[in-house]
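Only one structure is covered here, and it is reproduced in the block below.
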Amino acid sequence: MSFSSLPGSSSSSLHPLVPYGWDADWEAEFVPFAEQGLLPGRVVRVDRGLCDVITPFGTVRADTEFVVPRDPMKVVCTGDWAAVDPEGNPRYVRTYLPRRTAFVRSTSSKRSEGQILAANVDHAIVAVPLTGDLDLGRIERFLALAWESGARPVVVLTKADLVPDAVTLSYLVKDVETTAPGVPVLAVSAATGDGIDVLAAVAAGGTSVLLGQSGAGKSTLANALIGRDAMEVQATRDVDGKGRHTTTTRNLLALPGGGVLIDTPGLRGVGLWDAETGVGQVFAEIEELAGRCRFHDCAHVAEPGCAVLAAVDSGELPERRLDSYRKLMRENQRIVAKTDARARAELRRDWKRRGAEGKAAMEAKRGRWA
Ligand code: GDP
Ligand code: ZN
């Protein structure tokens, strides 16, 4: 198979995976796998050890069990660039290319590891409704998550048509801009179409996910970007022709205006997962102030020479920001502590098991020599 048809090369036709985000860097990384006769493809969905992969020759269903199945962080996920063995029966994913970014969430179950939700996301579109009071704390939470993943966040203020006038709207945008330094903030209305073109242009530049609370307008935005009903319910006929209805959820879509949208149900209620770096990035100005505190491990509560508290006193730093920062840090530490506790418990079980096995082996040996 030839990859000479990528943009920038002499050929005029596009590689069939370009609409799915394939670029020269992925191509370069894939060279050793191409040499082994493996096929590149983007994973559109995964369920029960099987995944759908879009390859240059269409969508194939492939087994993922081959790829380190024990570690939930290493399982294949939506957005991965997979190397598929085209000969295998069943077909299987041999490996996947190193992830540029990854969305991970803490699991509420017994497992201590995070769960990987989406890979290779470039833009995290944080949908925030302009109805009711703006929940700045919630925005910060989603931004932390976005930064942590490695994706670039964009805040999209939805339902702009419900804001009574342009002046109010500009104040709301300013408020959010202050909360999200360095993050583009965009007001849109799916109802009037305002701002949707700008959003589409952002989305055209890579792979995007939609984050935000329920009711924020994510599905509506997805539909506006896709230009039709994304989560359509398809009436499909099974072999005996009974016309059973099945909901097809396509978790990864190429957008008509360019770019890729990943919309997995699991991403919608994401929790923070070891997002300390992300939290730091959202509160960059606090981290910077903290660098000027007298004590290296200053908690910014009552320490003398605390630059953070001084900034609050002088009005330079809104107290709400500091509260929000503390809250997210605490939340994050709780998750990390829970994880550590689980990891320790697992380690203990492991040692006990090995101890028991060792003893059994010793006894077996003794038995043999007795
Ligand atoms: P999701 O839960 O984040 O996917 O939110 P939805 O897309 O389902 O939207 C929640 C509600 O907000 C629905 O009733 C939408 O019709 C409404 N909605 C979404 N976008 C807009 C908008 O631009 N303007 C107005 N007025 N309503 C909107
Ligand atoms: Zn301090």
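Start at 1 and go down the list; that is how both ligands and their atoms are numbered. Just so you know, these numbers come straight off a predicted model, no measurement behind them.
In terms of N/O distances under 3.5 Å, ligand 1 is approached by G217. Checked against a 3.5 angstrom limit, the closest N/O atoms of A191 and ligand 1 fall inside it. Taking only nitrogen or oxygen atoms, main chain and side chain alike, L221 does not reach within less than 3.5 Å of ligand 1.
Using a 4.0 Å heavy-atom cutoff, A216 is listed among the residues neighbouring ligand 1. At least one heavy atom of D161 sits less than 4.0 Å from an atom of ligand 1.
Against a heavy-atom cut-off of under 4.0 Å, S189 is close to the following atoms of ligand 1: 23 (O). Atoms of ligand 1 lying under 4.0 Å from any heavy atom of A190, numbered from 1 in the order shown and given with element: 22 (C), 23 (O). Below 4.0 Å from some heavy atom of L162 lie the following atoms of ligand 1, by number and element: 26 (N).
Both the sub-6.0 Å distance and the 45° axial angle are satisfied by R100 relative to the ring of W26.
In this structure, L221 and A127 approach most closely via the heavy-atom pair CD1-CB, 4.2 Å. Here the closest non-hydrogen pair linking D47 and R45 is OD1-NH2, 3.2 Å. A187 and A160 make their closest contact through CB-CB, 4.4 Å (heavy atoms, listed as atom of the first residue, atom of the second, distance). Nearest heavy-atom pair, P40 versus L17, reported as atom, atom and distance to 0.1 Å: O-CD1, 3.6 Å. Here the shortest heavy-atom pairing between V93 and C51 reads CG2-SG, 3.7 Å.
Seen from the Zn ion (ligand 2), atom ND1 of H300 and atom SG of C293 lie 100° apart in angle, a value rounded to 10°.
Ring orientation note: the planes of Y325 and H300 are tilted relative to one another, at an angle of 30° to 60°.
For atom 16 (O) of ligand 1, the nearest non-hydrogen atom from the set L157, I196, T131, T220 comes from T220. Across G193, G215, A224, S219, heavy-atom proximity to atom 10 (C) of ligand 1 is greatest for G215.
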Requested in this report: Begin from the C-alpha positions of N223 and T220 and carry the test side chain to side chain donor-acceptor pair (under 3.5 Å) through to its verdict.
Outcome: CA-CA 5 Å; N223 292 342; T220 310; 5.7 Å; no
